[in-house]
Chemist: 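One structure coming up, written as structure tokens, with questions to follow.
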Amino acid sequence: MSITYLEAIREAQAQALRDDPRVFIYGQDVGPFGGAHKATKNLAKEFPGRVLDSPISEDAIVGLAVGAAIEGMRPIVEMQFADFSTVGFNQIVNQAATLFWRTNVPCPVTVRLPFGGTSGSGPFHSQCMETVYAHYPGLIVMTPATVEDAYSMLLEAVAIDDPVIFCEHKFLYYHLKAEKLPSEALPVGKARIVREGRDMTIVTYSAMLHEALEAANELTPEGWEVEVVDLRSVKPIDTDTVMASVARTGRLLCVGEAWPWGGVTAEIIARVSSEGYGLLDAPPQRLNAKDTPVPYHPNLWAAHRPTARAITAAARKLLRL
Amino acid sequence: MSITYLEAIREAQAQALRDDPRVFIYGQDVGPFGGAHKATKNLAKEFPGRVLDSPISEDAIVGLAVGAAIEGMRPIVEMQFADFSTVGFNQIVNQAATLFWRTNVPCPVTVRLPFGGTSGSGPFHSQCMETVYAHYPGLIVMTPATVEDAYSMLLEAVAIDDPVIFCEHKFLYYHLKAEKLPSEALPVGKARIVREGRDMTIVTYSAMLHEALEAANELTPEGWEVEVVDLRSVKPIDTDTVMASVARTGRLLCVGEAWPWGGVTAEIIARVSSEGYGLLDAPPQRLNAKDTPVPYHPNLWAAHRPTARAITAAARKLLRL
Amino acid sequence: MLQTVLEPQTAEKAALFRETYLAAYRFMLLARLLDDKFAALWRSGRIHGGVFLGRGQEALSAATGISLKKGDVFAPLIRDAAGRLAFGETVLDAARTYLGSARGPMGGRDGNVHRGKPKEGYLPMISHLGAMISVVNGILLARRFKNHAGTVGAASIGDGATSTGAFHEALNQAAVEKLPLVLVVANNHYAYSTPISRQFACRDLADKAAGYGVEVDSMDGTDLNACLETVGQAVDRARAGRGPQMVVATLLRLCGHGEHDDAGYIDPELKKSPVGRDCQKVAEDYLIRQKWADPATLATWRTEAVHKIEEAIAQVQREPGPDPFTEEWRAISTQRLNEGHE
Amino acid sequence: MLQTVLEPQTAEKAALFRETYLAAYRFMLLARLLDDKFAALWRSGRIHGGVFLGRGQEALSAATGISLKKGDVFAPLIRDAAGRLAFGETVLDAARTYLGSARGPMGGRDGNVHRGKPKEGYLPMISHLGAMISVVNGILLARRFKNHAGTVGAASIGDGATSTGAFHEALNQAAVEKLPLVLVVANNHYAYSTPISRQFACRDLADKAAGYGVEVDSMDGTDLNACLETVGQAVDRARAGRGPQMVVATLLRLCGHGEHDDAGYIDPELKKSPVGRDCQKVAEDYLIRQKWADPATLATWRTEAVHKIEEAIAQVQREPGPDPFTEEWRAISTQRLNEGHE
Ligand SMILES: Cc1ncc(C[n+]2csc(CCOP(=O)(O)OP(=O)(O)O)c2C)c(N)n1
Ligand SMILES: Cc1ncc(C[n+]2csc(CCOP(=O)(O)OP(=O)(O)O)c2C)c(N)n1
Ligand SMILES: [Mg+2]
Ligand SMILES: [Mg+2]
């Protein structure tokens, strides 16, 4: 048996629904149809009355989830695409994210954001919104890069008493497979060293992890041993693990698929530079998408986002600094 | 005669309306009432039919402005408070910001965001949203810190063929006064060295400029000469001026009023560390607001945002590194 | 919180209605005096930020609060001092929030009208208009999940806020889910300075109901009698499972948008017209006409209310404000995931 | 783009109506065949991303496009291939956008249904439903500023998108400004897989109009005749200064949401009912009944349309895609303010 990233997300939701009567799912087409991406396939049948189709009303979808959370439920909300969360934005950043701080009442809402670029999806079905949500206090932002993490982190997202922005990468849905679902998991908030190395640290997350690993492999024959750190969650960031890795390698390259201004890569570099300055043997570098909307055409798309090739090139440059 | 920051904003709009028949103003209560902050006082009377009250519909307000811009107008839109732009968010980041890239048709919309903390304003009337907008490609984000810049940059915002997020700080509205309005101005995109120094560079913008200047003055008797750079616009960032200053001083402290994760301060540090690593004699540091919503109570508010005192302390620490 | 009785046919019902009316009136009175006190404190610089009054809207607001039962849900807005008290808020908590006491429900983190106790069904508004309605929907849906039938959720909304997308999405959502939501629309003719002619173009806000498939009723918002009856019936219909109910009250804001605003833009004709009547005065006249109270009794009630308010304010003024040094600067409840960096 | 004539009383008017009908029919036919071609290209892997068809909605869409004049504004959505063509789009530009040609109006930056030419009043939709309506409002307001009277702006919207806040805010805005907006609502009973019972609770979407104070008319969306008449009259009313107009068409989507979707969820009863009729077939029957065309003519038209499409596709397939190396990676028009860093 093998299981995809998408199936892991479905399984985690099934598990959460099974384990906890407070869990329900709400979003467009998540019911009998099983969701635009099929992440809730069969769940409406398996859990009657607990997987509800919503109107096309992202603001009200999130608002309802917050109300249900106040009342002790644990809603999972699906945005059809992360890009559409811009119209539910206010309820996420001002209602959900401030509730605990204002009232001491926790807000266990999970907002699933199918996000990130895939070929041919264009400017409005490809966006990376982790930066925007991570900037707001009161939210936890998860960015699983593996089948196992997709499963265990989604379960943890539902279990956590705070609003979680669960960024699931559409490119990984069918692309990634695992042998089985994990029974144990690293807790959220801990980064993972996916590949050990000596010469350089690449810090990344989500789909870019796989590009980074490919780049690291490319560099092996040249004699370079590149360490690759998967952040897993971008808020909080596991600064300790990043710092420990940089301490070993002395070189840092941050890779993200989001736009370049002020994202995860800037935040990592700011932390390492200000807190771990002495660890660096060379200037920290970063690689992001280009500063334009995400293009439709596969040619443009492949040039817009960082790829293994671009990462390899950036890494080579950094290794020579 | 002396003129406030708020009056400068009013005057710039009057000037724009006078100079260019394509300019009009649209927003809640901007008409006969003159706006919640009085930034459009008397304009409806002076320019009949060109200063229009809108319904409480931020999404439609921005959408209408984009349509008018397509048709060759130069709308100025006022959000009553920056915080409420979250409900106009989609039209800003997905409609206005992508128009030129998608169609080669420019989108000269100015969105005025009265922003930033003032005592007693609380979590929903105090927010700094420059980070969020600067992250999106397609937007220019201005953050004037002086009366003169408020005037000249707003005029430039209206003249520029791109959507501008004009972040005008409410704390400065009455707080700042100038003798007269400028006839010449540094173009948008250029930072200004407001105070020269030798020992350290503080990079900041908007209301924090004045806290930083106060901090720099505090440090003078101790023998420190602190250079203070006002970014003026946070997108684009004038990296050259920042870098040149750091080259002179060897030390960098970035100060922002926004939340700590991934904002202007992280972006500046990332740029300087990766492109100007050799210029630094000590780890670059940053100071932001705390990672919670903006508190209502003056006691809490004063501790939440960076103040001259906190900047002085951070600067002292950095000077000793 | 008292059960409203709507058809005072029988003597018992009549007595109950009288009791409800008197209770509602006293909440109106208390709210008016409390608002006046906040305004005075604001003028003397003792309150930071804005002060927002419900002057002229107390009848509607009190009727809403009093029509709800314990266990119901209430999402008030800025003009709901009376409804909040009627729903169970104490003068002390209101004062604590305005004065930023560390002991208030918001602990000084939020202030003025941004107060509530979510776990008691009393929702603290965020400022973004329209945003609370879908939150009420969520609570009502959760109650349904938990088989707690018979709960009603009321949300206040102004003429201006009907223009928000949030209002639209939430009312439609409630209708689709057939939730027991009572949406209380206060058409006070202005949104801040904006007259309704610049806010909507329908004949009457009640015309919106059919577009959502919800029931609607309208009333004179200056008349406590009408408010108690109309809101009470709507609450009963919602409780009986007839789905969302909209009630539209016509009235006038008898104050500025906030205390900083002299409201010079309000049409004098409107002020002179019946919508400009002071609901407080209307209720007092009714009390006297009905012989439910005489002027001396009214004066006593007023004195009692003033006393209660003064006592509360005096107490709160002795309470400490929040301490930034002991304050836990943490926006999430999961301690181990808090970053806390600056 | 032809002027619709609504009451074909006189012979001249009747002739003009016939001409309009025939033109509209041919746009329907062209759109259907073009859609079919895109579907075929998609199945053979030649189109990246999704393909979204207007099958079953061509009569409504064509009627909208053809009711508009040069200088008018049109904001189509995903099911508007017919209306786009009728409004003046070329098959070439449609093909270029689907196939990502560098020569298309979007230059490969955006694709499929996300195409338009804003300066020609033909708006390129963003995906976020409801978001285009207020943009149309803005153009219409700008025209008013410039004293260009007599312009009409049409925007398409589906049953599902009526639940968006954007729809609500924009329609209300148009009503307040009394703009010449024609909002064409296609109630095709589903939003993706979601049936209208989970989307709204009003009796009929036309019931929403009164809540905005706009005029409304309804029609059988499978009948080109009814569509031409109803949409045409609405356009005329808007042009005459009567403010926003809403028209509601009842029909059924005769395809998946996109070509990846087999639409197995569609109620078979609906398919069999009158709303499930194919507008194409209905129009052809009418043409034959009216003796405006015989089967041979219809066949010729079809061949001509196929030919036109094949030619365009063949040409576009020889056109280059965008080149990432020469591509100017710049999201703002002010060159000197572009950061361009990565
Ligand atoms: C989304 C949003 N936009 C703007 C505001 C600023 N604002 C606060 S109250 C108000 C007027 C509200 O008018 P109305 O809904 O009629 O209520 P009223 O004040 O008359 O009781 C405005 C515009 C806001 N709070 N939320
Ligand atoms: C704000 C927003 N939310 C979700 C989507 C995803 N989406 C695209 S089309 C669609 C269904 C639209 O249904 P309807 O409005 O009835 O139009 P139809 O497809 O039936 O023509 C959905 C949910 C979107 N485009 N925008
Ligand atoms: Mg009002
Ligand atoms: Mg539909």
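Chain A is the first sequence line, chain B the second, and so forth, proteins listed ahead of strands; every chain is numbered from 1.
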Chemist: Could you give the side-chain donor-acceptor pairs of residues 313-321 of chain B under 3.5 Å, partners two or more places apart or in another chain?
Modeler:
unit_1, atom_1, unit_2, atom_2, d
B:Arg316, NE, B:Glu222, OE1, 3.0
B:Arg316, NE, B:Glu222, OE2, 3.2
B:Arg316, NH2, B:Glu222, OE2, 2.7

Chemist: Under a 4.5 Å cutoff for heavy-atom pairs, which residue among A:Pro123, A:Ala282, A:Ala258 has the most contacts with chain B?
Modeler: A:Ala282

Chemist: May I ask you to test the B:Thr292-A:Arg102 pair for a side-chain heavy-atom distance under 4.5 Å?
Modeler: no

Chemist: Run through A:Val141, A:Leu139, A:Val264 and flag the one making a side-chain contact (heavy atoms from CB on, under 4.5 Å) with B:Trp261.
Modeler: A:Val264

Chemist: What part of B:Ile268 lies closer than 4.5 angstrom to a heavy atom of chain A: side chain, backbone, both or neither?
Modeler: neither

Chemist: Whether the side chain of B:Tyr136 engages the backbone of A:Pro293 through a donor-acceptor N/O pair (distance < 3.5 Å, no angle test) should be reported.
Modeler: no

Chemist: Among the options A:Gly138, A:Gly262, A:Cys254, pick out the one with the most heavy-atom pairs lying under 4.5 Å from chain B.
Modeler: A:Gly262

Chemist: Which heavy atom of B:Pro284 sits nearest to which heavy atom of A:Ser274, and what is that distance?
Modeler: O-CB, 2.8 Å

Chemist: For a quick test of reading the model, state the closest non-hydrogen atom pair linking B:Ala270 to A:Ile269 and the distance between them.
Modeler: CA-CG2, 3.7 Å

Chemist: What residue, out of A:Thr265, A:Asp59, A:Asp83, A:Val234, has the most heavy-atom pairs lying under 4.5 Å from chain B?
Modeler: A:Val234

Chemist: Minimum heavy-atom separation for A:Trp101 to B:Pro295, with atom names?
Modeler: CH2-CA, 3.5 Å

Chemist: With a 4.5 Å heavy-atom cut-off, do A:Arg286 and B:Arg271 have their side chains touching?
Modeler: yes

Chemist: Would a distance-only check, ignoring hydrogens and angles, find a side-chain to backbone donor-acceptor pair under 3.5 Å from B:Glu267 to A:Ala266?
Modeler: no

Chemist: Between A:Leu252, A:Ile237, A:Leu280, which shows the greatest number of heavy-atom pairs under 4.5 Å with chain B?
Modeler: A:Leu280

Chemist: Tabulate, in ascending numerical order, the residues of residues 85-98 of chain A having at least one heavy atom closer than 4.5 Å to a heavy atom of chain B, or enter 'none'.
Modeler: A:Thr86, A:Val87, A:Phe89, A:Asn90, A:Val93, A:Asn94, A:Thr98

Chemist: Taking it one step at a time, do B:His135 and A:Trp259 satisfy ring-ring contact (aromatic ring centres under 6.0 Å, His included)?
Modeler: CA-CA 7 Å; B:His135 182 60; A:Trp259 290 304; 5.7 Å; yes

